[in-house]
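Here's the structure, in structure tokens; my notes come after.
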Amino acid sequence: MVKINDNFLKLPGSYLFSEVARRIAAYNAAHPEAEIIKLSIGDVTRPLVPAVTQAMHAAVDEMGTAEGFHGYGPEQGYEFLRQAIAQGDYASRGVDIQPNEIFVSDGAKSDCGNIGDIFGTDNIVAICDPVYPVYVDTNAMAGRAGEYQEELGRWSRLIYMPCVEANGFAPEPIRERADIIYICSPNNPTGAVMSREKLKAWVDYANANGSVILFDSAYEAFVASEDVPHTIFEIEGARTCAIEFRSFSKTAGFTGNRCAYTVVPMELERGGAKLNTLWNRRQCTKFNGVPYVVQRGAAAVYTPEGRAQIMANIGYYRENARIIREGLSAAGLTCFGGVDAPYIWLKTPDGVGSWDFFDQVLNRANVATTPGAGFGPSGESYIRLTAFGEAQATRTAVERVRNMFR
């Protein structure tokens with residue numbers, strides 16, 4: 001009889017955002033007249049910018065000619081996009097990343113989960129708490145997480161690094177030895193960012209312990225503060241201990257197009273092997289690359305016109321974040337984030353459970369949020385709000401929630 005991967009059977013319930021969607025759908029079915037505004041799942045609402053769509057139209061026309069047709073592309077990404085990324089995201093900030101260290105993919109979520117393929121299952125993994133669920137669930141699926149302790153809401157083999165109000169929602173180097181360390185800045189869900197000093201402490205820790213930092217900077221475009229790094233490779237020593245994940249989803253509205261990239265420096269070696277070589281081997285075996293038309297669209301992001309247009313959209317979402325943060329703070333609620341990130345981390349009043357508060361806001365204000373408990377034990381008594389909605393709907397949602405506390 002076939003044997004299954006029973007690590008899947010250890011996973012608790014359903015994926016967080018699937019459960020949120022299920023509860024919203026159930027409420028909608030019972031109250032069809034309700035107009036629910038979603039500040040829950042972080043999907044973008046602004047359309048693709050003209051520079052991107054024009055580049056994609058041109059690429060489609062190209063594909064309709066014998067001389068311009070493209071079949072299978074390079075698994076690592078077309079050279080024109082890798083060059084544009086190296087120049088636009090790194091060289092422009094004084095950071096040396098070469099095109100052969102960049103791997104174009106169909107999403108940072110995919111890469112954050114798939115990167116585990118190149119690491120052994122006996123590695124000790126450290127995660128922030130609260131944390132984006134993919135980091136936890138994919139390690140559980142691979143067998144690195146141990147057993148799920150339902151009474152504690154955590155996995156037995158994972159090291160949980162509390163990211164709480166006392167430490168500015170930023171993880172601090174731990175006493176234990178961790179092999180793989182997940183860090184997300186700007187952070188999902190808390191909206192917090194890591195300073196240069198805090199990132200340097202982690203880089204030093206990783207190099208001293210032979211660890212690897214998996215640095216998720218999918219929301220880098222939202223960084224507005226001058227003293228906040230846009231990439232971990234701005235930190236001295238990061239090239240020998242870090243892998244970085246980036247995405248066009250929130251930067252350029254590619255949630256439906258699927259395009260991202262991962263940077264694996266040539267100097268990064270563990271166990272006598274270059275991780276760049278291992279990741280390249282993994283991608284060539286399991287991935288056929290991102291469509292040519294999508295990559296042409298992504299490359300247009302790095303043109304002067306494309307850059308100006310996507311930053312206008314980022315500004316739109318930043319304004320939404322300001323409206324949420326300031327509007328709910330004025331109502332007496334405690335809010336964090338929303339400055340260098342598109343997420344607001346709201347403390348529930350009087351320590352109400354996050355799922356209970358989710359239900360209250362959904363029922364009384366017809367506004368959907370995301371319960372903090374779904375991001376880990378330290379997320380209890382918080383909810384996450386997203387700034388990716390339409391501007392007027394965001395204002396209406398804030399006013400509805402404020403009315404709950406009048």
Side-chain angles (χ1 to χ4, degrees), residues 5 7-8 11 73-77 81-82 85-86 90 97-128 131-146 155 157-159 161 176-184 202-203 205-218 231-233 235 237-247 258-290:
N5 179 353
N7 290 308
F8 278 74
L11 293 169
E75 294 89 348
Q76 306 84 357
L81 180 53
R82 298 169 89 191
I85 292 168
Y90 294 100
I97 295 294
Q98 295 301 308
N100 64 353
E101 298 174 314
I102 297 166
F103 297 82
V104 179
S105 74
D106 61 358
K109 177 180 180 180
S110 304
D111 284 359
C112 285
N114 292 332
I115 196 71
D117 284 2
I118 68 173
F119 296 111
T121 57
D122 56 348
N123 283 296
I124 301 299
V125 177
I127 59 164
C128 295
V131 71
Y132 184 42
V134 169
Y135 310 155
V136 176
D137 289 359
T138 53
N139 277 288
M141 291 171 181
R144 294 189 194 91
W155 293 84
R157 288 194 70 231
L158 297 181
I159 296 175
M161 303 182 293
E176 308 102 303
R177 181 184 181 279
D179 302 305
I180 299 171
I181 303 155
Y182 286 83
I183 296 177
C184 179
W202 274 111
V203 166
Y205 172 97
N207 280 322
N209 289 279
S211 312
V212 174
I213 296 171
L214 302 181
F215 188 73
D216 184 350
S217 60
T231 167
I232 196 169
F233 298 117
I235 308 302
R239 289 185 60 89
T240 55
C241 69
I243 293 173
E244 181 163 282
F245 305 93
R246 290 276 192 98
S247 174
R258 311 310 306 147
C259 193
Y261 65 88
T262 291
V263 177
V264 189
M266 286 296 183
E267 293 96 319
L268 180 52
E269 297 186 14
R270 293 294 183 269
K274 284 184 176 292
L275 299 195
N276 182 290
T277 301
L278 298 185
W279 184 240
N280 184 63
R281 183 69 171 87
R282 189 269 173 206
Q283 293 297 82
C284 289
T285 301
K286 292 189 174 184
F287 185 58
N288 265 348
V290 174

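We count residues from 1, following the sequence as given.
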Are any side-chain N or O atoms of [X] and backbone N or O atoms of [Y], one a donor and one an acceptor, separated by less than 3.5 Å?
{"X": "Asn276", "Y": "Asn100", "answer": "yes"}
{"X": "Arg270", "Y": "Gly210", "answer": "yes"}
{"X": "Arg239", "Y": "Glu267", "answer": "no"}
{"X": "Asn5", "Y": "Met141", "answer": "yes"}

_Glu101 and Tyr90: side chain donor to acceptor below 3.5 Å_ = no
For a quick test of reading the model, state the closest non-hydrogen atom pair linking [X] to [Y] and the distance between them.
{"X": "Asp106", "Y": "Val290", "answer": "N-CG2, 3.8 Å"}
{"X": "Ala260", "Y": "Ser247", "answer": "CB-CA, 3.8 Å"}
{"X": "Cys241", "Y": "Asn207", "answer": "CB-OD1, 3.3 Å"}
{"X": "Ile159", "Y": "Ala178", "answer": "CD1-CB, 4.2 Å"}
{"X": "Ile243", "Y": "Ile115", "answer": "CD1-CD1, 4.1 Å"}
{"X": "Tyr205", "Y": "Ile181", "answer": "CE2-CD1, 3.6 Å"}

*Show your reasoning for whether side chain to side chain contact (heavy atoms under 4.5 Å, CB included) applies to Ile232 and Trp202.*
CA-CA 10 Å; Ile232 196 169; Trp202 274 111; over 6 Å; no
*Which is it for Tyr135 and Asp216 under the side chain to side chain contact (heavy atoms under 4.5 Å, CB included) test, yes or no, and what are the steps along the way?*
CA-CA 10 Å; Tyr135 310 155; Asp216 184 350; 2.6 Å; yes
*Using 30° and 60° as the class limits, which term best fits the ring planes of Phe103 and Trp279: parallel, tilted or perpendicular?*
perpendicular
_Asn114 and Ser105: CA distance, side-chain angles, deciding distance, side chain to side chain contact (heavy atoms under 4.5 Å, CB included) verdict_ = CA-CA 11 Å; Asn114 292 332; Ser105 74; over 6 Å; no
What distance do [X] atom [atom1] and [Y] atom [atom2] have between them, rounded to the nearest 0.5 Å?
{"X": "Ile183", "Y": "Ile127", "atom1": "CD1", "atom2": "CD1", "value": "12.5 Å"}
{"X": "Trp155", "Y": "Arg144", "atom1": "CH2", "atom2": "CZ", "value": "13.0 Å"}
{"X": "Phe245", "Y": "Thr262", "atom1": "CZ", "atom2": "OG1", "value": "5.0 Å"}
{"X": "Arg282", "Y": "Ile118", "atom1": "CZ", "atom2": "CD1", "value": "10.0 Å"}
{"X": "Leu275", "Y": "Glu269", "atom1": "CG", "atom2": "CD", "value": "8.0 Å"}
{"X": "Gln76", "Y": "Ile102", "atom1": "CD", "atom2": "CD1", "value": "12.0 Å"}

Side chain proximity check, [X] to [Y], heavy atoms < 4.5 angstrom:
{"X": "Met266", "Y": "Gln98", "value": "no"}
{"X": "Glu244", "Y": "Ile97", "value": "no"}
{"X": "Val125", "Y": "Arg157", "value": "no"}
{"X": "Pro265", "Y": "Phe233", "value": "yes"}
{"X": "Arg246", "Y": "Ile85", "value": "no"}
{"X": "Tyr261", "Y": "Leu81", "value": "no"}
{"X": "Asn280", "Y": "Lys274", "value": "no"}
{"X": "Val131", "Y": "Cys184", "value": "no"}

*Should we count CZ of Arg177 as having more than 12 external heavy atoms under 6.0 Å?*
yes
*Who pairs with Ser211 by side-chain hydrogen bond (donor to acceptor under 3.5 Å, both in side chains), at least two apart in sequence or on another chain?*
none
*side-chain contact (heavy atoms from CB on, under 4.5 Å) with Phe119: which of Asn139, Leu278, Ile180?*
Ile180
